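This one's a predicted model, so the numbers in the text were calculated from it and none came from an experiment. Atoms within a ligand are numbered from 1 in the order they appear, just like the ligands themselves.
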Amino acid sequence: MQTPAELAALHFASYNVPGQLYAAPGRVNLIGEHTDYCDGFVMPAAIDFSTIVALSHRSDGRILAHSVNFDERLDQSVSELLAGRTRHWSDYPAGVLWALREHGVPIDNGFSLTIAGNVPLGAGLSSSASVEVATAFAVLGATSYDLPLKQIALLCQRAENAFVGANVGIMDQFVACCGQQDHAVMIDCRSLEYTLAPIPPDIRIVICNSMVKHDNTGAYNTRRAEMEAGLRILQQHRPEIKALRDATVDDLARWGSEMTPESLRRCRHVITEDTRVLAAVEAFRNSDLTRFGELMHEAQLSFRDDFQASCPEIDTLIALAEKQPGCFGARLTGGGFGGCTVNLVAADRAAAFTKAMRAGYLEATGIAAEIYTSRASAGAHAILL
Ligand code: GLA
């Protein structure tokens, strides 16, 4: 990817004015999958891959945007662009402009944007949230409109829900805003309170990309609908259940038979996953990586068998990882149906782990996995040149 200085030069070359630069990271989720939209708990970390947006003002009511990754340029009036989604990369920045305008941020004079990033696309590492949050930071910076980080995350989520059409939760946008170097972020998705959990310095986060593309529309939305149907049944019996966060496995034992088998499984995954996240926070606090790894293992089984959102390639990566010396835990990270696994690996074993994973996966599937080692990184920020 371009360096920030190169991106700034590109922006100047396109628009003849300097742009202000902002970056926002992708993320891995260590544990807590599909719990965020159930008011539950998640434990992601921002990663060393990010989107950078350079932005400058216009006065002609147009949005000019250049995606370096897609090698495409767009030139539309603000009202044309915000009229509705087009299933194009521009939906993400457009959705953010739309959500910010709804919130009262002045955007009607238009902007010029140059966007570049190195978060792998469709890999479950939240490239979309990183584009959204970088765009929001850039627009807010340029308009000197001050919003708390949580509000920025919520507006970016709204952009993705209501404009892009992906019914995602708050996790990705939140950690893209609030991530901290060398820390995982344990988010209570009901209160949006969060605590930072330091990642032990002798641990590496190794991310294995199965190269099976995933997205957060089709199957993601179906799983969510199945879970919500189960939730409604529990609410008939216990109206005080506002979200699955409030339900227990005992509730499922009593009323699960009234659900479809799919709804029962989705609900069981979410309810047990919340318990695992809370136990994982404890394990991290006690520096008990063995326990953390066991919880990742249980989470993966629940994701595969109850949420049914793994795939054979991911199962292969997990089985391989769990055999490697120095690997404390491995699981699919993100929405599911492909994408990446996250692996917690002893620092002195990380290189051997990577080599063995690449060779083993190629042999088993014929696919060359991309493998990244990342530290937990900081959330969105301005880049000063
Ligand atoms: C995607 C969504 C998140 C979350 C995860 C699953 O990454 O964007 O909100 O629901 O899937 O945990």
Side-chain angles (χ1 to χ4, degrees), residues 24-47 49 51 91-92 95-96 119-133 150 153-179 184-190 192 194 207 209 213-228 231 243-245 266-267 269-274 276-277 280 296 299-300 302-304 306-311 314 331-342:
R27 63 100 192 89
V28 275
N29 188 17
L30 299 186
I31 193 161
E33 225 62 84
H34 289 267
T35 45
D36 59 350
Y37 52 79
C38 301
D39 279 3
F41 304 98
V42 292
M43 200 180 187
I47 52 174
F49 293 83
T51 299
D91 283 353
Y92 295 93
V96 170
V119 187
L121 299 185
L125 299 177
S126 293
S127 54
S128 2
S130 79
V131 172
E132 290 156 6
V133 172
K150 288 179 194 174
L154 285 165
L155 284 169
C156 290
Q157 182 198 15
R158 179 155 167 66
E160 191 151 344
N161 292 166
F163 194 90
V164 177
N167 212 6
V168 295
I170 188 66
M171 167 168 70
D172 306 347
Q173 293 79 4
F174 195 97
V175 70
C177 289
C178 300
V185 186
M186 201 287 268
I187 310 166
D188 176 335
C189 298
R190 169 166 280 165
L192 295 188
Y194 66 100
I207 301 165
N209 188 344
K213 291 268 180 194
H214 106 127
D215 81 20
N216 282 337
T217 52
Y220 181 100
N221 287 345
T222 317
R223 290 292 181 282
R224 185 167 174 169
E226 287 161 348
M227 180 282 296
E228 279 161 0
L231 170 65
L244 276 191
R245 153 54 169 297
R266 312 306 178 238
C267 291
H269 166 73
V270 172
I271 293 171
T272 56
E273 185 83 344
D274 269 339
R276 284 187 287 271
V277 179
M296 288 175 83
Q300 175 61 24
S302 171
F303 198 75
R304 186 190 70 190
D306 273 347
F307 210 70
Q308 297 182 301
S310 191
C311 65
I314 292 283
R331 53 175 290 282
L332 182 149
T333 188
F337 310 101
C340 292
T341 61
V342 55

Please name all residues satisfying salt bridge (Lys or Arg N to Asp or Glu O under 4.0 Å) with [X], sequence neighbours left out, ordered by chain then number.
{"X": "D306", "value": "R268"}
{"X": "E33", "value": "R331"}
{"X": "R245", "value": "D188"}

Pick out the protein N or O atoms lying less than 3.5 Å from any N or O of ligand 1, and list each pair with its distance.
{"unit_1": "ligand 1", "atom_1": "7 (O)", "unit_2": "R27", "atom_2": "NH2", "d": "2.9"}
{"unit_1": "ligand 1", "atom_1": "7 (O)", "unit_2": "D172", "atom_2": "OD2", "d": "2.8"}
{"unit_1": "ligand 1", "atom_1": "8 (O)", "unit_2": "D172", "atom_2": "OD2", "d": "2.6"}
{"unit_1": "ligand 1", "atom_1": "9 (O)", "unit_2": "D36", "atom_2": "OD2", "d": "2.5"}
{"unit_1": "ligand 1", "atom_1": "9 (O)", "unit_2": "G169", "atom_2": "N", "d": "2.8"}
{"unit_1": "ligand 1", "atom_1": "9 (O)", "unit_2": "G169", "atom_2": "O", "d": "3.4"}
{"unit_1": "ligand 1", "atom_1": "10 (O)", "unit_2": "D36", "atom_2": "OD1", "d": "2.8"}
{"unit_1": "ligand 1", "atom_1": "10 (O)", "unit_2": "D36", "atom_2": "OD2", "d": "3.4"}
{"unit_1": "ligand 1", "atom_1": "10 (O)", "unit_2": "Y220", "atom_2": "OH", "d": "2.5"}
{"unit_1": "ligand 1", "atom_1": "11 (O)", "unit_2": "G335", "atom_2": "N", "d": "3.4"}
{"unit_1": "ligand 1", "atom_1": "12 (O)", "unit_2": "E33", "atom_2": "OE2", "d": "2.7"}
{"unit_1": "ligand 1", "atom_1": "12 (O)", "unit_2": "H34", "atom_2": "N", "d": "2.6"}

Would you check if I314 and Q300 make a side-chain contact, meaning some heavy-atom pair closer than 4.5 Å? yes

Separation of R266 CZ from L244 CG (nearest 0.5 Å): 12.5 Å

Side-chain donor/acceptor of E132 to backbone N/O of Q157, under 3.5 Å: no

